[in-house]
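Computed from a prediction, not measured in an experiment: that's the story for all the values here.
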Amino acid sequence: MCNVIDVAQCRADFPILEQTVHGVPLVYLDNGATTQLPRQVLEAMTAHYTQYNANVHRGIHTLSERATAHLEEARETVRVFLNASGLEEIIFTQGTTDSINTVARGIAPMLQAGDEIVVTQLEHHANFLPWQQLCLERSAVLRVAPQQNGALDVAAFRALLGPRTRLAAVTQVSNVTGAVHPIGALASFVHSVGGLLLVDGAQAVRHESTDVQAMDCDFYCFSGHKMLAPSGIGVLYGKRECLASLIPARYGGGMVDIAGEQSSTFSPLPHRLEAGTGSYAQAIGLGAAIRYLNAVGREGIAQWEHTLLDETARQLEMLAGVTLLGSPAHRAGCLSFRVDGVHPYDLASLLDKQGVAVRSGNHCAQPLLASFGLEVVTRVSPAFYNTRAEIDALCSGIRRATEILWRWSGR
């Protein structure tokens, strides 16, 4: 099968890319924060709202049954995408943050004083704060594995695991350095001490393998808005027995079997962990996004994005005063950098005036940046609908912005 994608055709599927910003063509390179939506996803959601909008799993009338069928079709699409063994292993959530908190709240009653949870310095706050706060609440111990050259120090991670390790939470791909981590190996280490492994796949799901059975992770979390779907929808994958052991984080309609005045019983998975009216239209959009990715070709997408990322790194390293953050052996999705004497906010602002959208800030990864002695950096995250010409525009824009800022500072 041919792995080459038609970038021009892909761009034609994204209406937002056709606009200008400050009088110049938009160059959108902030896909690590949010990707754009293709027409196919927008049309799927429009069809829902105009043809069969009704609450799911609630009614036996035609519209409700149609909406429910489309929702469950989306669940099956996600199941295949992740290679999960059953539909009951796919829980729809509001996003990665919600998925992680569902697990944290679900295991809280089982965590005892002195138990240990292992995280890494590379985590997004969404995969750091829930565990930090849970440990404080339950008098457990939070152990933090260090980074090395922008990637996880695997040996140090393994050394932190022990008989009191109940769970380890790791990112598959860093949202700052783009470092890709060996999830299968990490799962083996964690399981060898009897712990569970949760993977934050938010930055990986569009780039790397998402075969959860091959990775052997116990939980896998991601957000739709990182992979061409609308915001407000995410997925929590869990092995059947792991999900079944979680105490529901929320209670309400849709997840109850029999509600009595003094006690209640709850529905089987997946509905047991999906209280209330969920974001079913967004879930339908997520299903459409996955079908779009499959139609374009995931291998071709990954190859082109790696090409763009390598070209970005090559050009940035040639620019005066630019230093890339970290040097991971395998990078995907994004990279971050700093420029001597230039604040990332100033750089991003001047790039915006040239139509180039990048991310500047702490990227919700303050422990990682602190390990580098930094507070903020600039991040570039290309997608498969970006072009080499846009990478050229980015680097030319950085050069111009740097010259301006250096002149202002009298450098």
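- Leu351 approaches Leu394 most closely through the heavy-atom pair CD2-O, 4.1 Å.
- In this structure, the separation between SG on Cys334 and CG on Leu309 is 7.5 Å, given to the nearest 0.5 Å.
- Checked by atom type and distance alone, the side chain of Asp218 pairs as donor or acceptor with a backbone atom of Leu197 at under 3.5 Å.
- Leu368 is not listed as a side-chain neighbour of Phe128, based on a closest heavy-atom distance of 4.5 Å or more.
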- Let me see the working for His207 and Gln172 under side-chain hydrogen bond (donor to acceptor under 3.5 Å, both in side chains), right down to the final yes or no. CA-CA 10 Å; His207 313 287; Gln172 187 178 4; over 6 Å; no
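- Under the 3.5 Å distance criterion, the side-chain polar atoms of Thr210 are left unmatched by any main-chain donor or acceptor of Val205.
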- Message: Checking Gln366 against His125 for the side chain to side chain contact (heavy atoms under 4.5 Å, CB included) test, could you report, in this order, the C-alpha distance in whole Å, the side-chain angles of both residues, the deciding distance, and whether it holds?
- Response: CA-CA 8 Å; Gln366 289 174 297; His125 293 166; 3.2 Å; yes
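- For the pair Leu228/Tyr385, a side-chain contact is recorded, criterion being any heavy-atom separation below 4.5 Å from C-beta on.
- When all heavy atoms of Pro146 and Gln121 are compared, the pair lying nearest together is CA-OE1, 3.3 Å.
- Put simply, the side chain of Trp131 reaches to within 4.5 Å of the side chain of Val103, judged on heavy atoms.
- The backbone N or O of Ile60 lies less than 3.5 Å from no partner atom in the side chain of Ser64, so there is not a single donor-acceptor pair.
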- Message: Before you tell me yes or no, could you show the steps for Tyr280 and His48 under ring-ring contact (aromatic ring centres under 6.0 Å, His included), namely the whole-Å CA-CA distance, both residues' side-chain angles and the distance that decides it to 0.1 Å?
- Response: CA-CA 10 Å; Tyr280 50 85; His48 167 80; 5.5 Å; yes
- Does the pair His124 and Asp200 meet the rule for a side chain to side chain contact (heavy atoms under 4.5 Å, CB included), with working shown? CA-CA 9 Å; His124 187 284; Asp200 175 355; 4.2 Å; yes
- Task: Please assess Phe189 against Val154 for the test side chain to side chain contact (heavy atoms under 4.5 Å, CB included), listing each intermediate value before the final yes or no.
- Result: CA-CA 10 Å; Phe189 299 152; Val154 174; 3.7 Å; yes
- Determine, step by step, whether Tyr251 and Phe266 satisfy the ring-ring contact (aromatic ring centres under 6.0 Å, His included) criterion, reporting the C-alpha distance in whole Å, the side-chain angles of both residues, the deciding distance to 0.1 Å, and the verdict. CA-CA 9 Å; Tyr251 298 90; Phe266 305 114; 5.6 Å; yes
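- When side chains are defined from C-beta on, Pro328 does not count as touching Val180, because their heavy atoms never get closer than 4.5 Å.
- The closest donor-acceptor contact from the side chain of Arg39 to the backbone of Pro15 lies at 3.5 Å or more, if one exists at all.
- Closest heavy-atom contact between Pro109 and Ile247: CG-CG1, 3.8 Å.
- Closest of all the heavy-atom pairs between Leu293 and Arg206 is CD2-CG, 4.4 Å.
- Distance alone, capped at 3.5 Å, places no donor-acceptor pair between the Thr93 side chain and the Asp98 backbone.
- When every heavy atom of Ala33 is checked against every heavy atom of Arg359, the shortest pair comes out as CB-NH1, 4.2 Å.
- Judged by distance alone, the side chain of Gln19 and the main-chain N or O of Ile16 form a donor-acceptor pair under 3.5 Å.
- Within a 6.0 Å radius of CD in Gln354, more than 12 heavy atoms belonging to other residues, nucleotides or ligands are found.
- Between atom CZ of residue Arg272 and atom OG1 of residue Thr265 there is a gap of 11.0 Å, rounded to the nearest 0.5 Å.
- Thr120 and Glu123 form a side-chain donor-acceptor contact under 3.5 Å, judged by distance and modelled atom types alone.
- Shortest non-hydrogen contact noted between Thr387 and Trp304 is CA-CZ2, 4.4 Å.
- Of the residues Arg166, Arg164, Arg143, the one that meets the salt bridge (Lys or Arg N to Asp or Glu O under 4.0 Å) test with Glu116 is Arg143.
- Between the CZ atom in Arg338 and the CG atom in Leu369 there is a gap of 11.5 Å [rounded to 0.5 Å].
- When only modelled atom types and interatomic distance are considered, Asn127 and Thr171 share no side-chain donor-acceptor pair under 3.5 Å.
- Rounded to the nearest 0.5 angstrom, Leu335 CG and Thr312 OG1 are separated by 6.0 Å.
- Glu375 CD: 12 or fewer foreign heavy atoms inside a 6.0 Å radius.
- Contact of the Phe92 side chain with the Val235 side chain is registered, since non-hydrogen atoms from C-beta on lie closer than 4.5 Å.
- At least one side-chain heavy atom of Thr307 sits under 4.5 Å from a side-chain heavy atom of Arg388.
- No side-chain heavy atom of Cys217 sits less than 4.5 Å from a side-chain heavy atom of Lys239.
- The closest side-chain heavy-atom distance from Cys221 to Leu198 is below 4.5 Å.
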- Show the numbers, then the answer: is there a salt bridge (charged side-chain N to carboxylate O under 4.0 Å, His left out) between Asp13 and Arg11? CA-CA 5 Å; Asp13 290 332; Arg11 289 183 65 82; over 6 Å; no
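- To the nearest 0.5 Å, atoms CG (Leu316) and OG1 (Thr323) are separated by 10.5 Å.
- Proximity of a side-chain donor or acceptor of Asn175 to a complementary backbone N or O of His363 within less than 3.5 Å is detected.
- To the nearest 0.5 Å, atoms CG (Leu111) and SG (Cys135) are separated by 6.0 Å.
- In this structure a side-chain-to-backbone donor-acceptor pair under 3.5 Å is missing from Ser223 to Gly95.
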- Ser99 and Thr102: CA distance, side-chain angles, deciding distance, side chain to side chain contact (heavy atoms under 4.5 Å, CB included) verdict: CA-CA 5 Å; Ser99 296; Thr102 296; 5.6 Å; no
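- Donor-acceptor pairing under 3.5 Å is recorded for the side chains of Gln315 and Asp392.
- Using modelled atom types, one finds a donor on one side chain and an acceptor on the other under 3.5 Å when comparing His225 with Thr34.
- A distance-only check finds a donor-acceptor pair linking the side chain of Glu305 to the backbone of Phe384 [under 3.5 Å].
- With Arg331 contributing its side chain and Thr177 its backbone, the two residues share a donor-acceptor pair below 3.5 Å.
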